[in-house]
Amino acid sequence: MFEKIPNSRGEIFIKTYLYCRVSDAGQNEDRQLDAVAGLDIPQKNIFLDKQSGKDFHRPAWQKMVKTLRQGDLLYVGSIDRLGRSYEDILKWWRILTKDKGVDIVVLDMPLLDTRTYKDLLGTLIADLVLSLFSYVAHSERDAIKSRQAAGIASAKARGIHLGRPVKKPPDNFPEVVKDWESGKIKFDEALKLTGLKRATFYNRRRELRKCKRK
């Protein structure tokens with residue numbers, strides 16, 4: 001669908017686009033799509049990335065940027081759908097609006113509608129709002145990382161193992177290691193007898209040696 005919007009050169013037809021992002025493949029983008037249900041944006045003009053917003057190295061985003069032309073209109077649900085890096089959000093906002101001449105509408109923030117604020121004061125207000133909310137998005141990401149790091153440190157201090165569970169060796173592990181080291185059995189047979197993978201076998205063997213030295 002094309003949206004008819006007047007500009008300084010008269011009335012033209014403008015292509016409308018939507019950019020959606022969810023943090024991973026397990027999340028659902030329906031909420032972002034529902035927000036623009038009444039706009040009838042063509043399916044081919046909807047670009048969706050299912051990955052973190054830590055940077056703009058995303059396939060759908062990069063493809064959309066190449067597709068956008070001067071005068072096109074881009075909808076995003078909220079500023080944090082663009083990303084969480086303060087510098088990157090400001091950088092790409094200016095690339096799209098200043099360099100490429102694209103209008104952007106942030107649906108949950110009416111002040112961030114570049115179609116409306118074309119005068120100097122309006123542009124200043126929009127830039128200030130953009131800077132503020134980009135900074136908030138960036139700060140949120142830093143706060144999440146800080147909480148995660150604190151949680152990991154706290155768990156380690158309490159002796160809680162994080163990550164994949166450690167696979168314990170079978171009861172026959174010391175005997176199998178002894179037979180392998182003495183040459184009675186080959187390494188492949190030792191792996192079969194213990195049911196361990198190569199790296200795990202070596203790791204458990206190293207731990208066994210440490211226990212013997214104590």
Side-chain angles (χ1 to χ4, degrees), residues 1-138 140-141:
M1 177 182 176
F2 296 97
E3 184 174 351
K4 228 176 184 183
I5 299 177
N7 66 5
S8 58
R9 293 170 296 174
E11 195 171 68
I12 60 172
F13 285 100
I14 296 174
K15 288 185 178 181
T16 56
Y17 294 85
L18 171 67
Y19 178 71
C20 298
R21 183 184 63 78
V22 290
S23 296
D24 57 56
Q27 291 188 339
N28 195 302
E29 66 277 8
D30 287 349
R31 181 176 60 84
Q32 296 176 62
L33 296 175
D34 289 344
V36 295
L39 299 175
D40 292 331
I41 298 174
Q43 187 64 39
K44 67 178 182 178
N45 290 357
I46 296 176
F47 292 84
L48 170 64
D49 278 312
K50 293 194 174 187
Q51 65 185 85
S52 166
K54 65 180 180 179
D55 56 46
F56 283 81
H57 300 300
R58 313 175 213 138
W61 172 267
Q62 295 295 335
K63 183 179 179 181
M64 181 191 71
V65 169
K66 292 179 181 178
T67 303
L68 290 169
R69 296 291 181 267
Q70 182 175 2
D72 287 344
L73 176 60
L74 172 63
Y75 289 97
V76 291
S78 59
I79 197 66
D80 66 349
R81 294 306 86 195
L82 291 180
R84 291 195 172 93
S85 167
Y86 174 68
E87 295 82 3
D88 280 351
I89 292 175
L90 295 182
K91 168 190 166 185
W92 278 102
W93 184 277
R94 292 192 172 96
I95 288 175
L96 293 178
T97 59
K98 310 296 184 187
D99 299 346
K100 294 184 72 74
V102 173
D103 275 317
I104 302 178
V105 176
V106 180
L107 293 169
D108 69 351
M109 182 52 57
L111 282 173
L112 292 179
D113 182 343
T114 61
R115 301 172 303 173
T116 305
Y117 302 99
K118 295 294 186 182
D119 63 345
L120 183 60
L121 178 59
T123 301
L124 175 62
I125 292 172
D127 284 349
L128 288 173
V129 172
L130 172 64
S131 297
L132 174 62
F133 278 87
S134 299
Y135 174 78
V136 170
H138 184 106
E140 258 183 27
R141 178 168 172 261

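What you are looking at is a predicted structure, and each value in this text was computed from that prediction instead of being measured.
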For the residue pair [X] and [Y], what are the closest heavy atoms and their distance?
{"X": "Arg81", "Y": "Arg58", "value": "O-NH1, 4.0 Å"}
{"X": "Tyr17", "Y": "Thr67", "value": "OH-CG2, 3.6 Å"}
{"X": "Leu107", "Y": "Tyr75", "value": "CD2-CD2, 3.7 Å"}
{"X": "Arg115", "Y": "Val105", "value": "NE-CG2, 3.6 Å"}

As an exercise, state the distance from [atom1] of [X] to [atom2] of [Y], rounded to the nearest 0.5 Å.
{"X": "Leu18", "Y": "Leu48", "atom1": "CG", "atom2": "CG", "result": "9.0 Å"}
{"X": "Thr97", "Y": "Trp92", "atom1": "OG1", "atom2": "CH2", "result": "12.0 Å"}
{"X": "Leu90", "Y": "Ile95", "atom1": "CG", "atom2": "CD1", "result": "11.0 Å"}
{"X": "Lys44", "Y": "Lys15", "atom1": "NZ", "atom2": "NZ", "result": "6.0 Å"}
{"X": "Ile104", "Y": "Thr114", "atom1": "CD1", "atom2": "OG1", "result": "6.0 Å"}

Within the side chain of [X], is there an N or O that forms a donor-acceptor pair under 3.5 Å with the backbone of [Y]?
{"X": "Thr16", "Y": "Ile41", "answer": "no"}
{"X": "Lys100", "Y": "Val65", "answer": "yes"}
{"X": "Asp72", "Y": "Arg69", "answer": "yes"}

For Asp49, side-chain hydrogen bond (donor to acceptor under 3.5 Å, both in side chains) partners two or more places apart: Tyr19
Partners meeting side-chain hydrogen bond (donor to acceptor under 3.5 Å, both in side chains) with Ser78 (sequence neighbours left out):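 Ser78: side-chain hydrogen bond (donor to acceptor under 3.5 Å, both in side chains) contacts with Asp80.
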Leu68 side chain reached by Phe47 side chain, heavy atoms, under 4.5 Å: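 They are not in contact (no side-chain heavy atoms under 4.5 Å apart), so the answer is no.
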Ile46 and Leu33, any side-chain heavy atoms less than 4.5 Å apart: yes
